[in-house]
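Below is one structure; the comments refer to it alone.
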Amino acid sequence: MTAVTTRADCVARDQRDPLRALRERFDLPDGIIYLDGNSLGARPKAALARAQEVVSREWGQDLIKSWNTAGWFDLPKRLGNRLAPLIGANEGEVVVTDTTSLNLFKALAAALQLQAEGAGAGRRTIVTERSNFPTDIYMAEGLTQWLDRGYRVRLVDSVDEIPAAVDADCAVLMLTHVNYRTGYQHDMAELTRHAHAAGALAVWDLAHSAGAVPVDLHAANADFAVGCTYKYLNGGPGAPAFIWVPQRHQAAFAHPLTGWWSHAKPFAMSHGFAACEGIGRALCGTQPVLSLALVECGLEVFEETTMAAIREKSLGLTDLFIELVESTCGDHPLGLVTPREHARRGSQASFTHPHGYAVMAALIARGVIGDYREPEIMRFGFTPLYTSFADVWDAVAILKDILDREAYDTRAERSAVT
């Protein structure tokens, strides 16, 4: 890549950017450089009008009729079909529902049941990384403890340890495709192939992948996948998550959370649970209609571009950010923890600093919003739909000024959410 050395160069790149017009689809506050789309995506402009429509007309005027007349009942499947192309899934294989944690619980429970009833009977280990997002580990540990059948979670400390850990006792390999701290991206196809060769199933968390990097679940031959919609998919705070169950596993897909929304005839109100056919088996209870409706506003934007175009710009943004930080802030104790190799990088750049929390707090006070994760990691997420190259230049200039002047308070009390 040709080195970008001036802000004018960045502005010129923005003018040539094929995704430039999509920035106008988002309501971005004046004076803010938003580099935290990997934690909460910006609001699509269409979301406000959609929320008003649901509240004032569909709920306010049509009331309960809207489960039928406004299509509320079918929202999880309809949204799943719109999301499916972003992750290499087919129609009828994704539903948007519940939280990532709950969906992971369902996927793990189903995977363990498939193993117990098939060639994997007797396997008792779920393998994952110690650096995985904590809630994924919590859910896996909680599931194994409640099953009380000798299951356990095995944590590995490096990517290199994964192949050996997927041994004759491994039932499930559970990994997050892009690491939330470092932005490291796994080779999904290769690790899934290795898991299958060892007799294990592969469950993938796409929370930091969906809408940020190209994903092809079918090409990778994955078994199950989950993810959230409030990060790169811009669904709104606490927006429902998604779960992918490929056609080949749907008939046998079963989990303990057998709520009425996954019943074959939910309004028959009959005694005893009878699972419906297809992806509906992954549903549980009554759906949060307002939150679901806003997810659609984010997904609509993706239909105006391609994941290939998004990925190209993402790599350009992160390359530029890393280059500028290292060339202008090299006198400071910053450490890059995000891979330089494109194939191993998500859509973020993470740097350590001994006073990382204080530096990030100072950045936020200056209008550059990223976030902080222990230990000492400042995360900067890049959402190609609305992040510009000029944003990158300006953010690094402010970072340099803060570091040069030591304009951060190491004694500041930490917020509840970092």
Side-chain angles (χ1 to χ4, degrees), residues 38 84-90 93-94 100 104 107-108 110-112 114-115 118-120 123 125-133 136-137 140 153-227 232 242-249 307-308 310-312 314-315 318 337-348 350:
N38 55 317
L86 301 180
I87 58 174
N90 295 330
E93 293 185 335
V94 182
T100 306
L104 182 64
L108 287 175
L112 292 179
L114 280 172
Q115 290 285 54
R123 292 172 175 262
T125 303
I126 298 172
V127 172
T128 192
E129 295 178 287
R130 195 179 305 277
S131 63
N132 200 351
F133 193 69
D136 289 20
I137 300 174
V153 178
R154 179 178 177 181
L155 304 178
V156 300
D157 291 308
S158 74
V159 175
D160 294 338
E161 295 178 22
I162 294 174
V166 183
D167 55 19
D169 192 51
C170 178
V172 178
L173 175 62
M174 176 188 76
L175 294 172
T176 297
H177 184 219
V178 174
N179 185 277
Y180 79 103
R181 279 195 185 100
T182 67
Y184 178 91
Q185 181 175 265
H186 284 293
D187 186 335
M188 181 187 290
E190 175 56 27
L191 287 171
T192 299
R193 184 204 63 76
H194 179 81
H196 289 171
L201 298 178
V203 176
W204 290 92
D205 183 338
L206 306 179
H208 288 267
S209 305
V213 301
V215 177
D216 194 334
L217 291 167
H218 275 290
N221 199 29
D223 293 293
F224 301 104
V226 301
Y232 293 101
F242 64 87
I243 181 169
W244 170 75
V245 181
Q247 182 68 39
R248 72 179 191 277
H249 286 324
M307 285 308 304
I310 288 171
R311 179 59 169 167
E312 181 178 0
S314 166
L315 292 172
T318 50
V337 296
T338 299
R340 297 180 191 276
E341 182 185 355
H342 284 180
R344 293 289 168 265
R345 187 196 309 164
S347 196
Q348 71 185 64
S350 297

Extract all donor-acceptor atom pairs below 3.5 Å that involve side chains of residues 200-209 and protein atoms in other chains or at least two apart in sequence.
from: W204; atom 1: NE1; to: T192; atom 2: OG1; distance (Å): 3.0
from: D205; atom 1: OD1; to: A207; atom 2: N; distance (Å): 2.8
from: S209; atom 1: OG; to: H177; atom 2: ND1; distance (Å): 2.8

For [X] versus [Y], what's the shortest heavy-atom pair and its separation?
X	Y	result
Y232	A210	CB-O, 3.4 Å
C170	V172	SG-O, 3.5 Å
G211	I310	O-CG2, 3.9 Å

* Scan for salt bridge (Lys or Arg N to Asp or Glu O under 4.0 Å) pairs involving residues 159-176, sequence neighbours excluded, and state none if there are none. =>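 Every pair satisfying salt bridge (Lys or Arg N to Asp or Glu O under 4.0 Å) with a residue in residues 159-176: R154-D167.
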* Is there any salt bridge (Lys or Arg N to Asp or Glu O under 4.0 Å) pair reaching into residues 175-189, and which pairs are they, with sequence neighbours excluded? -> D187-R344
* Please identify each residue that fulfils salt bridge (Lys or Arg N to Asp or Glu O under 4.0 Å) with E190, with sequence neighbours left out. => R193
* Applying salt bridge (Lys or Arg N to Asp or Glu O under 4.0 Å), name anything that partners R311, two or more places apart in sequence or on another chain. =>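 Here no residue qualifies.
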[X] side, atom [atom1]; [Y] side, atom [atom2] - distance, nearest 0.5 Å:
X	Y	atom1	atom2	result
E129	I137	CD	CD1	9.0 Å
L86	L217	CG	CG	11.0 Å
F133	N179	CZ	CG	10.5 Å
Y180	S131	OH	OG	7.5 Å

Who are the side-chain hydrogen bond (donor to acceptor under 3.5 Å, both in side chains) partners of [X], not counting sequence neighbours?
X	result
T338	none
D223	H196, R248, H249
E93	H218, W244
T100	none

Within the side chain of [X], is there an N or O that forms a donor-acceptor pair under 3.5 Å with the backbone of [Y]?
X	Y	result
T176	V178	no
R130	D157	no
T318	S314	yes

* To do: For A140, check side-chain contact (heavy atoms from CB on, under 4.5 Å) against everything at least two apart and list the hits.
  => L108, I126, V153, M174
* Structure fact -> For A84, the side-chain contact (heavy atoms from CB on, under 4.5 Å) test, sequence neighbours excluded, returns A89, V94
Any [X] side-chain heavy atom under 4.5 Å of [Y] side chain:
X	Y	answer
V159	Y184	yes
R123	L112	no
L155	T128	yes
I162	L175	yes

* Just do the side chain to side chain contact (heavy atoms under 4.5 Å, CB included) check on N90 and Q247 with the steps written out, would you? => CA-CA 8 Å; N90 295 330; Q247 182 68 39; over 6 Å; no
* To do: Determine, step by step, whether Q348 and S350 satisfy the side-chain hydrogen bond (donor to acceptor under 3.5 Å, both in side chains) criterion, reporting the C-alpha distance in whole Å, the side-chain angles of both residues, the deciding distance to 0.1 Å, and the verdict.
  => CA-CA 7 Å; Q348 71 185 64; S350 297; 3.1 Å; yes
* Asked: Between H342 and Q185, does any side-chain donor sit less than 3.5 Å from a side-chain acceptor?
  ->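 Looking only at side-chain atoms, Q185 and H342 do not form any donor-acceptor pair under 3.5 Å.
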* Can you sort out the partners of H194 under ring pair (Phe, Tyr, Trp, His ring centres under 6.0 Å), two or more places apart, ordered by chain and number? => none
